[in-house]
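Computed from a predicted model, the values in this text were never measured in an experiment. Reminder, nothing fancy here: chain letters follow the sequence lines and each chain counts from 1.
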Amino acid sequence: MHFTLGELLLDLVQNAAAAGSTTVRVTWRERGGELLLAVEDDGCGMTGDFVARATDPFITDGVKHPGRPVGLGLAFLRQTAESTGGRFRLDSQPGEGTHVALEAPADHIDLPPAGDVSESLVLALCSEGPQEIEIERERGGNSYTIRKSELEEVLGDLSSVVGRRLLGEFVRSQEEDDGKDDA
Amino acid sequence: MAKMTLEDLRKLRDTKRRELDMRDAENKTIQVIVGMGTSGIAAGAKDTLAAFLRELEEQGISNVSLRQTGSLGLDHAEPTVEIRMPEMPTVIYGKVSPAVAAKIVRKHIVGKSLINDHIYDRPAADIVEGAEDRKE
């Protein structure tokens, strides 16, 4: 089981990247005591038959882990939904993409902790493959949207040592915004 | 803390322009690839990646592409890290704790010597194919 929501999210983004997606949209919202964690991609998608079996931890497409019949990301997400009385959604169309979402009570005792949100979002943004990764984040009164394409336009390659450091500072400033000017 | 804007980020980048002179991975001569699959993260790969970033900064090394990938297929030895660089063989190190990550930067990347007790490498292709044949 993943220890944090951030790790669950990263797994879903890696799935989207492995599906050959060009654009990945992430939503991580905590509003009115409800959590929504969702990833939507325009990758290769899955057939109805595969969608029905996709949350079996011993089912995989064989692309992400060649020769190893295990795929845990969706199984963990469904398990989290079931243990919190939440809702798990998985919609996919071959050739069009996949939309996966977890809705759960944000204060449920069995909901994993968020973890280091900034770190998780940086790791998601640095996923290789998709040209665009858009993240919509909302928690309390703080909300923001960040896009990989805009960050690359400013920083260049996000995998460089300095690029990663500045990306971390930027995302942390979005996440920890308290509405006060530091100046 | 107030939100940084993209313009703020651009100014910050400009102050480090010399460090950011390489704008794409093709120009980077060294690649550090950290396995960030489920088992890697469970074993502490995020701390390993952070340790690489910290040590590379401390050593003043900027010609490195710090990449992340899924499982490298060596779950028993997570966290795993592949190092690709000129004048050295491509190596997959296993059981890379933050302390080992710092050692890899100092000895492998800077000193150009292998850290033998953490080398796991990839299984040879013929061994993998042989295993597939035996399963059938």
- request: May I ask you to decide if B/Leu53's main-chain N or O and A/Arg164's side chain share a donor-acceptor pair within less than 3.5 Å?
  value: no
message: At a heavy-atom distance under 4.5 Å, which candidate from A/Ala17, A/Cys126, A/Ser120 has the highest pair count against chain B?
response: A/Cys126
message: Quick check on the interface: out of B/Thr69, B/Asp8, B/Leu6, who has the most heavy-atom pairs with chain A under 4.5 Å?
response: B/Leu6
- request: Drop me the distance from A/Leu10's CG to B/Thr38's OG1, to the nearest 0.5 angstrom.
  value: 9.0 Å
task: Begin with the C-alpha distance, continue with both residues' side-chain angles, and end with the deciding distance and a verdict on side chain to side chain contact (heavy atoms under 4.5 Å, CB included) for B/Leu9 and A/Leu166.
output: CA-CA 8 Å; B/Leu9 187 62; A/Leu166 295 182; 4.1 Å; yes
query: In terms of hydrophobic clusters joined by side-chain contacts under 4.5 Å, are B/Leu56 and B/Met85 together?
result: yes
Donor-acceptor contacts, no H, no angles, side chain residues 40-48 of chain B, under 3.5 Å, sequence neighbours left out:
{"from": "B/Lys46", "atom 1": "NZ", "to": "A/Glu7", "atom 2": "OE2", "distance (Å)": "3.3"}
{"from": "B/Thr48", "atom 1": "OG1", "to": "B/Gly44", "atom 2": "O", "distance (Å)": "3.3"}
{"from": "B/Thr48", "atom 1": "OG1", "to": "B/Val96", "atom 2": "O", "distance (Å)": "2.6"}

message: To the closest 0.5 Å, what do you measure between CD (B/Glu57) and CZ (A/Arg165)?
response: 4.0 Å
query: Donor-acceptor pair, A/Glu119 side chain versus B/Ala50 backbone, under 3.5 Å?
result: no
field: Co-membership, hydrophobic cluster, residues A/Leu35 and A/Val100, 4.5 Å side-chain
entry: yes
message: Which atoms of A/Glu169 are under 4.5 Å from chain B, going by heavy atoms: the side chain, the backbone, both sets, or neither?
response: both
- prompt: How about residues 131-146 of chain A versus chain B: which residues have heavy atoms under 4.5 Å apart?
  reply: A/Asn142, A/Ser143, A/Tyr144
Same apolar cluster (I L V M F W Y, side chains within < 4.5 Å links), B/Ile83/A/Val161: yes
- prompt: What closest approach, in Å, do A/Ser127 and B/Gln68 show between heavy atoms, and which atom pair accounts for it?
  reply: N-NE2, 3.9 Å
message: Rounded to the nearest 0.5 Å, what separates atom CZ in A/Arg172 from atom NZ in B/Lys3?
response: 15.0 Å
query: Which of residues 106-114 of chain B have a heavy atom under 4.5 Å from any heavy atom of chain A?
result: none
- prompt: Tell me, side chain or backbone of B/Leu49 under 4.5 Å from chain A's heavy atoms, or both, or neither?
  reply: side chain
- prompt: In chain order, what residues pass the salt bridge (charged side-chain N to carboxylate O under 4.0 Å, His left out) check against A/Glu128, with sequence neighbours excluded?
  reply: B/Arg67
Same apolar cluster (I L V M F W Y, side chains within < 4.5 Å links), B/Leu12/A/Phe170: yes
field: Reported CD-to-CZ distance for the pair A/Glu153 and B/Arg10, which is rounded to 0.5 angstrom
entry: 4.5 Å
Hphob cluster co-occupancy, B/Leu74 + B/Ile33, side-chain heavy atoms under 4.5 angstrom: no
